[in-house]
Amino acid sequence: MSALTLAVLLSLVSAVSYALAAIVQERIASTTAPSRWGLLRSGTWWTAGLLQGTGALLHVVALGLGPLTVVQPLGVLTLVLAAPLAALVVGRPVTAAAWRGIVLVSAGLAGILLLTGDRGADSLSGSGQLALAGCVLGSIALLVGSGAGLGRAGRARPGGRAPALRSVALALAAGVAYGAGSVFVKTLADSWASSALVASLPLAALTVALAGIGLAASQASYRGGGLATPLATATVANPVVAAAAGMVLLDEGFRYGTAGGLLALAAGAVAAWGLVVLTFDSARQRDRSPVPPGRPREPGRRPRRPDGPGRAANAEFAARRTPAPGIRPPVLPHPACHTPGGRSPVATP
């Protein structure tokens, strides 16, 4: 088996692992209550983390065996595989609009990756690492802060677009973290033999931190955002960030000169259109979902009566409406029964 064939097979298995991890993460987000540290006690969440880590490891190995222009486009298969796997594993149908969005995002992303050149420096220098780290951490902080603000707006005014936009913001943060982490992993791999271990520790620690941030942001993005929109957003942002870092910091560019750059912009517009389609479809599906009924009363359990001041007020109100024994309440005439003389034909006692 050639190295290129093995790289393709590893990329396929990596895409399956990423898709399964996304399905498990979305399932956890839709079936569990929000909790900051509660997921750490969930074995299912650790399973999703293991699947995502396996996909990342296989992707790194595939990049070492095959060229970037072959391995990176195969990552788009995560989007294509996630929808049918979700229908197979959890029985969730995929709408026609979601399929259109997935196709548009996949086509746009594949075009960007195929047009990205593979020339320039092999790894980042020290100043490039600092510049990329500052831009990435600032972008992640801005996106996470925006997601938190949109989450509060969605709770204050339910039924709007805020939950879908919150999901997109957090998925973008996850994609930025994963894309920058890929660049730093490549830098570590290229300089592992020539650099001292102590000099590589800060970059390794930053890479691990970005992986953790990406995992947490992607998990949060699936709450209220469905499966297709967060997955597509993170899948697009990941290679776009890596390609942008390559063009700005590694002197890489697009193939075919100016024409290639224009084609890449068109492919980016197609991918953005697909993301808009997925976002609006996710919002429509959430608006059409039935409102969960109130908590049913347990069988064999009598309803609880109010205690304290509320119970006393209810008793006083009932006592005022109950007439005293032996007193007959007056029968008041209806206004429609009045005679022209102003008297009622019904005599009051």
Side-chain angles (χ1 to χ4, degrees), residues 11 14-15 18 22 52 55-56 59-60 62-63 68-69 71-76 78-79 105-106 108-125 127-147 167-190 203 206-218 220-221 229-254 261 264-265 267-272 274-275:
S11 299
S14 173
Y18 277 132
Q52 200 159 20
H59 183 72
V60 170
L63 283 174
L68 182 69
T69 54
V71 175
Q72 282 292 89
L74 292 176
V76 182
T78 302
L79 278 176
V105 170
S106 302
L109 183 58
I112 292 174
L113 295 175
L114 289 174
L115 290 168
T116 302
D118 193 17
R119 63 180 185 273
D122 292 333
S123 59
L124 291 175
S125 61
S127 59
Q129 295 174 16
L130 292 176
L132 181 59
C135 293
V136 166
L137 293 178
S139 301
I140 291 175
L142 179 61
L143 290 169
V144 172
S146 301
S167 176
V168 170
L170 293 176
L172 278 174
V176 170
Y178 288 143
S182 300
V183 176
F184 289 141
V185 165
K186 178 177 175 58
T187 301
L188 283 172
D190 293 338
L203 187 58
L206 178 59
T207 304
V208 172
L210 288 174
I213 292 172
L215 181 60
S218 64
S221 68
T229 301
L231 181 61
T233 304
T235 304
V236 169
N238 185 343
V240 167
V241 168
M247 286 184 291
V248 174
L249 300 175
L250 300 179
D251 296 329
E252 293 182 352
F254 292 108
L265 288 176
V270 171
L275 285 178

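Note that the structure is a prediction, hence the values are computed from the model and not measured.
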request  = Enter the distance from Leu137:CG to Leu142:CG here, rounded to the nearest 0.5 Å.
outcome  = 12.5 Å
request  = Would you give the length of the straight line joining atom OG1 of Thr78 to atom NE2 of His59, rounded to the nearest 0.5 angstrom?
outcome  = 9.0 Å
message = Just to verify, which of Val236, Thr235, Thr229, Leu231 counts as forming a side-chain contact (heavy atoms from CB on, under 4.5 Å) with Val105?
response = Val236
request  = List for me each residue that meets side-chain hydrogen bond (donor to acceptor under 3.5 Å, both in side chains) alongside Tyr18, sequence neighbours excluded, and say none if there are none.
outcome  = none
inquiry  = Holding to side-chain hydrogen bond (donor to acceptor under 3.5 Å, both in side chains), I want the full list of residues that pass it with Ser218, two or more places apart in sequence or in another chain.
reply    = Gln25
request  = To the nearest 0.5 angstrom, please state how far the CZ atom of Phe184 sits from the OG1 atom of Thr207.
outcome  = 6.5 Å
query = Are any of the side-chain heavy atoms of Val183 and Val241 separated by less than 4.5 Å?
reply = no
key: Nearest non-hydrogen partners of Ile140 and Ala173, listed with the distance   = CG1-O, 4.1 Å
query = Looking only at heavy atoms, which two atoms of Leu170 and Ala220 are closest? And how far apart?
reply = CD1-CB, 3.8 Å
task = Would you give the length of the straight line joining atom CG of Leu203 to atom CD of Gln129, rounded to the nearest 0.5 angstrom?
result = 4.5 Å
request  = Quick one: closest heavy-atom pair of Leu210 and Gly181, and the distance?
outcome  = CD1-N, 4.0 Å
message = Using every non-hydrogen atom in the two residues, find where Leu206 and Ala133 come nearest and quote the distance to one decimal.
response = CD2-CB, 3.7 Å
query = CD of Gln52 to OH of Tyr178: how many Å apart, nearest 0.5 Å?
reply = 3.5 Å
request  = Grab the two heavy atoms, one from Ala237 and one from Leu172, that are nearest each other, plus how far apart they are.
outcome  = CB-CD2, 4.0 Å
query = Nearest heavy-atom pair of Ser167 and Pro230: which atoms, and what distance?
reply = OG-CG, 3.1 Å
message = Walk me through whether Val168 and Leu275 qualify under side chain to side chain contact (heavy atoms under 4.5 Å, CB included).
response = CA-CA 9 Å; Val168 170; Leu275 285 178; over 6 Å; no
